[in-house]
Protein chains: 2
Amino acid sequence: MHFSTKAEYGLRAMVALARAYPKQKNIAEISEEEGISAKYLEKLIGKLRKNNLVKSQKGKGGGYTLIKNPRQISSGEIIEIMEGPIVSKCDGKKCAKAKKCASSFVWNKLAFQIKKTLFAIKLNELI
Amino acid sequence: MHFSTKAEYGLRAMVALARAYPKQKNIAEISEEEGISAKYLEKLIGKLRKNNLVKSQKGKGGGYTLIKNPRQISSGEIIEIMEGPIVSKCDGKKCAKAKKCASSFVWNKLAFQIKKTLFAIKLNELI
DNA sequence: TTAAAACATACTAAATTAGTATGCTTTAAG
DNA sequence: CTTAAAGCATACTAATTTAGTATGTTTTAA
């Protein structure tokens with residue numbers, strides 16, 4: 001069970017933007033602050049923009065801003081955007097045996113707890 | 001955030017052995033029961049043996065048995081063996097910034113909850 | 001007009017996953 | 001005492017994912 005740097009970088013970028021909120025911050029600044037490759041970060045933050053967590057301003061003096069208040073954004077939202085749905089196993093679509101399969105009990109319980117934990121942590125707590 | 005089939009297959013193999021407990025069951029039987037490639041399963045179950053969750057008997061009529069009673073084995077143990085330590089990020093060894101890094105709060109809280117959940121589920125509940 | 005920013009797409013090396021293939025060793029049963 | 005059925009070990013492979021890099025385009029404030 002691992003979490004990729006995508007999730008971590010996405011989260012850290014969002015925390016960096018939360019610190020600047022409601023002002024904007026650009027890739028170069030976040031990259032420098034967090035020690036993350038600027039080009040890679042640029043790609044990752046694109047996902048956050050397409051999923052309406054941040055808005056961008058192009059051109060000179062541009063950058064990114066959070067769309068919502070930090071206290072309205074959870075770590076769960078960010079991580080699901082960066083990594084896809086949490087614990088996608090045994091959702092009944094992929095596995096027909098889901099109902100009688102013993103392990104599905106574990107995955108379902110786990111997914112519930114992970115979501116509960118991650119969606120309860122809001123960005124304002126991480127500043 | 002995903003879980004590999006290694007964890008799932010390992011868990012299902014252990015549940016299959018728990019159902020037979022204290023009798024033994026061989027690879028062919030588990031493979032057939034669970035619909036998992038016999039050869040792959042053989043490799044995976046080797047990990048469980050090396051980590052003292054199951055013991056094997058070689059030769060004709062051989063197979064595997066749980067070493068402990070199903071109620072003494074948690075899904076957490078199994079999953080950690082199959083996939084490595086749960087949420088290995090931000091343990092202070094890899095990342096020097098761990099203390100001040102905002103995201104480490106999230107990973108640590110999450111790791112705690114995941115472990116709590118998985119170590120509380122014992123094999124006897126899954127039969 | 002231009003420089004600084006975001007945006008888009010294609011490429012790549014390394015690691016991991018989910019196996020398969022081949023053969024060796026052990027041992028109960030005949 | 002031979003043999004077939006089991007586990008054990010190691011090497012290989014195709015596909016996918018990760019963590020980027022490279023190259024260039026578009027937008028826009030100064």
Side-chain angles (χ1 to χ4, degrees), chain A residues 1-13 16-17 20 23-32 34-67 79 81-85 88-89 94-95, chain B residues 1-13 16-17 20 23-32 34-67 79 81-85 88-89 94-95:
Chain A
M1 155 178 347
H2 88 300
F3 288 80
S4 66
T5 60
K6 269 191 284 189
E8 190 188 328
Y9 291 172
L11 186 56
R12 282 164 58 191
L17 290 175
K23 289 184 196 164
Q24 63 176 16
K25 196 174 264 186
N26 65 35
I27 291 286
E29 288 167 329
I30 302 172
S31 161
E32 219 259 329
E34 296 292 332
I36 300 169
S37 147
K39 270 293 176 195
Y40 191 39
L41 191 58
E42 202 175 345
K43 196 202 261 179
L44 296 181
I45 216 166
K47 275 194 164 183
L48 297 169
R49 180 178 48 83
K50 284 166 192 157
N51 284 277
N52 295 314
L53 283 193
V54 303
K55 62 187 170 193
S56 63
Q57 200 205 330
K58 293 178 81 172
K60 205 167 187 174
Y64 296 89
T65 329
L66 296 186
I67 283 181
I79 290 168
I81 286 166
M82 300 313 292
E83 295 217 35
S88 54
K89 272 186 191 309
K94 290 182 185 175
C95 176
Chain B
M1 152 178 349
H2 89 298
F3 287 80
S4 67
T5 61
K6 269 190 285 190
E8 190 188 329
Y9 292 172
L11 185 57
R12 282 164 58 190
L17 289 175
K23 289 185 197 164
Q24 63 176 16
K25 196 174 265 187
N26 66 34
I27 291 286
E29 289 166 330
I30 302 172
S31 161
E32 219 258 330
E34 296 292 331
I36 300 168
S37 147
K39 269 293 174 195
Y40 191 38
L41 190 58
E42 202 175 347
K43 197 202 259 180
L44 296 181
I45 217 166
K47 275 194 164 182
L48 297 168
R49 182 179 48 85
K50 284 168 192 155
N51 284 277
N52 295 313
L53 283 193
V54 303
K55 62 187 170 191
S56 64
Q57 199 205 330
K58 293 178 82 173
K60 204 168 187 174
Y64 297 88
T65 328
L66 297 186
I67 284 180
I79 290 168
I81 286 166
M82 301 311 292
E83 295 217 36
S88 54
K89 273 189 190 308
K94 290 182 184 174
C95 176

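In the text below, chain A, chain B and the rest are named by the order of the sequence lines, each starting its count at 1.
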Output the residues of residues 51-58 of chain B in contact with DNA chain C, where contact means a heavy atom of the residue under 4.0 Å from an atom of the strand; sort by number or write none.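 When residues 51-58 of chain B is checked for heavy atoms under 4.0 Å from DNA chain C, the hits, listed by number, are B:Q57, B:K58.
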
Is there a residue in residues 36-44 of chain A whose heavy atoms reach under 4.0 Å of DNA chain C, and which residues are they?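 Only A:K39, A:E42, A:K43 qualify.
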
Would you indicate what B:G63 reaches in the nucleic acid, counting non-hydrogen atoms under 4.0 angstrom: base, sugar-phosphate, or nothing? sugar-phosphate

Once you apply a heavy-atom cut-off of 4.0 Å, does B:G62 come out as touching a base, just sugar-phosphate, or nothing? sugar-phosphate

Among D:dG7, D:dT18, C:dA18, find the nucleotide with the atom closest to the side chain of B:Y64. D:dG7

Give the rounded distance in Å between these two atoms: [atom1] of [X] and [atom2] of [N].
| X | N | atom1 | atom2 | value |
| --- | --- | --- | --- | --- |
| A:L17 | C:dA6 | CG | P | 10 Å |
| A:I27 | D:dG20 | CD1 | P | 14 Å |
| B:R49 | D:dA6 | CZ | P | 17 Å |
| B:K50 | D:dG7 | NZ | P | 15 Å |
| B:E8 | C:dA18 | CD | C1' | 13 Å |
| A:K60 | D:dA29 | NZ | P | 12 Å |
| A:E83 | D:dT16 | CD | P | 19 Å |
| B:I45 | D:dA6 | CD1 | P | 14 Å |

Is there a side-chain contact between [X] and [Y], using heavy atoms and a 4.5 Å cut-off?
| X | Y | result |
| --- | --- | --- |
| B:N26 | B:E29 | yes |
| A:K6 | A:Y40 | yes |
| B:I27 | B:Y64 | yes |
| A:L44 | A:I36 | no |
| B:L17 | B:L48 | no |
| B:F3 | B:E8 | no |

Assuming nearest nucleotide by heavy-atom distance, tell me which of A:K6 and B:A28 is located more 5' along DNA chain D.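 Here B:A28 is the residue nearer the 5' end.
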
Considering just the side-chain nitrogens and oxygens of A:Y9, establish if one lies under 4.0 Å of OP1 or OP2 belonging to D:dT18. no

Nearest-0.5 Å distance that lies between atom CG in A:L53 and atom CG in A:L66: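 Between atom CG of A:L53 and atom CG of A:L66 there are 8.0 Å.
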
Which residues satisfy the salt bridge (Lys or Arg N to Asp or Glu O under 4.0 Å) test with A:K55, sequence neighbours excluded? none

Tell me whether B:R12 contacts the main-chain N or O of B:E34 through its side chain, where contact means a donor paired with an acceptor under 3.5 Å. yes

